[in-house]
Number of protein chains: 2
Amino acid sequence: MTLKLYIDRMSQPSRAVLIFCKVNGINFQEVKIDISKGQHLSSEFQEVNPMKQVPAMVHAGFKLFESHAILRYLTYAFPRVADHWYPTALYRRTEVDSLLDWHHSNLRRGAVGYFRNCVLGPAVGLPLNLQAAAEDEKVLLASLAKIESFWLRKNGRFLLGNDQPSIADLSLVCEIMQLEVLDEKDRERLLGPYKSVLKWIDDTKNATEPHFHEVHGILFKFKEKLLKQRSLRESSTGESSRKPDLQAKM
Amino acid sequence: MTLKLYIDRMSQPSRAVLIFCKVNGINFQEVKIDISKGQHLSSEFQEVNPMKQVPAMVHAGFKLFESHAILRYLTYAFPRVADHWYPTALYRRTEVDSLLDWHHSNLRRGAVGYFRNCVLGPAVGLPLNLQAAAEDEKVLLASLAKIESFWLRKNGRFLLGNDQPSIADLSLVCEIMQLEVLDEKDRERLLGPYKSVLKWIDDTKNATEPHFHEVHGILFKFKEKLLKQRSLRESSTGESSRKPDLQAKM
């Protein structure tokens, strides 16, 4: 009956699921799937998730993937999880559903694309695709603006005006945390204008500590590695680590 | 208490919501939002959905957008809706959740991009973005392959091996229906290899007639208009209506 979570902590939805379990005292076994080593492509893992993606889960023989579905399932399967994570009241639950669905084609799409084009690509020596990166940045900024002006419009520390976090807060904040690896100027340029978003990120962190910080440790280490790489590149070529201003270039 | 649905029948998730209500005998008022005329950008509609997208819904003062959230809500709010649409049994419901989430970043992403690049763009005179179109086609074909090999792997007429449709069948089939407007050769090239997908589309149509056909009427008319446009273009320029083989060109 042990819950098995197949996780790469570098993946933002993996971190959301992991933090959720730790905060809610759900016992689980963490099975590390290192994407950078291609472990998600192994035949053993494809037996768990034929989509070859993390996070995935097995509980009492039941196999599941897609982080939002896993988070919903955990609220059903572990009744001691507090109601605010996925409220049972009809309108409140439906608002969380709407927000989770919106996330896929907006914040997630923009942030994943931006991270892939502007961080992962350059880190492994791929040329910057300026057009794709500008498009991703546009989606990312429009999504942050909508969180600021719409999803955080009501009084309350969390999305939808709630005074305690839902699974949507956790999912969206873990997504935005991927931007931690940017250099400070870029991160400030993207997130700086959104004061309510920054406060909400802090509130979500605070509501889920010490687990939030512990689970994100891998990301902070990755950032250090990137900074060292950039610094080495600069000292050997004289090249600036500052990425181009994508909007200005398009 | 009347349910108001803000719909453009050219939008595939709008059609899914509309068919769902008709099949389940839910009374509603259809408010037409014509995207081609920019009606989704009006201040009146932004009062309903500040994301400026269809479908949207108002029920007893409760405003909602995102088609999957609307479909889930309708199964909660109208208890006479048969259980198979969104099963209450834990594992069966969770599998539908997983499939609905998967849809966003896979079939929907591929189909929407392909339709925009290869149908809408050329119809309004935009140049074909070969790289984007090839990327969309790749996502679309990979998604169709996963429906064939995974989501339809169990015996049963519908996704997940069910013998009656869920909201996921309706959502995904309405998405694929957008490809109806392609010329026959292109449609055959994309869908032809997936025999189980084709059978499942027919089964979903049959389970929701006569509403399925009636709601898709607008799409068939749009196809006629496109065929006329192509024919006119060909006769005036001698240009072939056949789109380039994107994979071969990349």
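Letters go in sequence order (proteins before strands), and every chain restarts at 1. Every heavy atom of this structure was used, including side-chain atoms; hydrogens, water molecules and symmetry mates were not.
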K.L.:
Could you tell me which portion of A:R108 (side chain, backbone, both or neither) has an atom closer than 4.5 angstrom to a non-hydrogen atom of chain B?
P.N.:
neither
K.L.:
Is it the side chain or the backbone of A:H103 that comes within 4.5 Å of chain B heavy atoms, both, or neither?
P.N.:
neither
K.L.:
Do B:R9 and B:D34 meet the salt-bridge criterion of a basic N to acidic O distance under 4.0 Å?
P.N.:
no
K.L.:
Looking only at non-hydrogen atoms, find the nearest pair between A:W85 and A:L170 and report the distance.
P.N.:
CZ3-CD2, 4.1 Å
K.L.:
How close do A:N24 and A:R80 get, heavy atom to heavy atom, and via which atoms?
P.N.:
O-NE, 4.1 Å
K.L.:
Can you say whether B:R93 sits under 4.5 Å from chain A via the side chain, the backbone, both, or neither, judging by heavy atoms?
P.N.:
side chain
K.L.:
Apply side-chain contact (heavy atoms from CB on, under 4.5 Å) to residues B:L160 and B:D169 and explain how you reach the verdict.
P.N.:
CA-CA 9 Å; B:L160 300 164; B:D169 292 277; over 6 Å; no
K.L.:
Specify which of B:M51, B:Q53, B:E95 makes the most heavy-atom pairs with chain A at under 4.5 Å.
P.N.:
B:M51
K.L.:
Heavy-atom distances under 4.5 Å only: say whether A:S105 touches chain B with side chain, backbone, both or neither.
P.N.:
side chain
K.L.:
Taking every heavy-atom pair that is under 4.5 Å apart, which of B:R72, B:R109, B:K146, B:H68 has the most such pairs with chain A?
P.N.:
B:R72
K.L.:
Search all heavy atoms of A:D163 against all heavy atoms of A:R157 and return the closest pair with its distance.
P.N.:
O-NH1, 3.7 Å
K.L.:
For A:F65, is it the side chain, the backbone, both, or neither that has a heavy atom closer than 4.5 Å to a heavy atom of chain B?
P.N.:
both
K.L.:
Using non-hydrogen atoms and a 4.5 Å limit, figure out which bit of A:Y91 sits close to chain B: side chain, backbone, both or neither.
P.N.:
both
K.L.:
I want to know whether A:W102 and A:W151 have ring centres closer than 6.0 Å.
P.N.:
yes
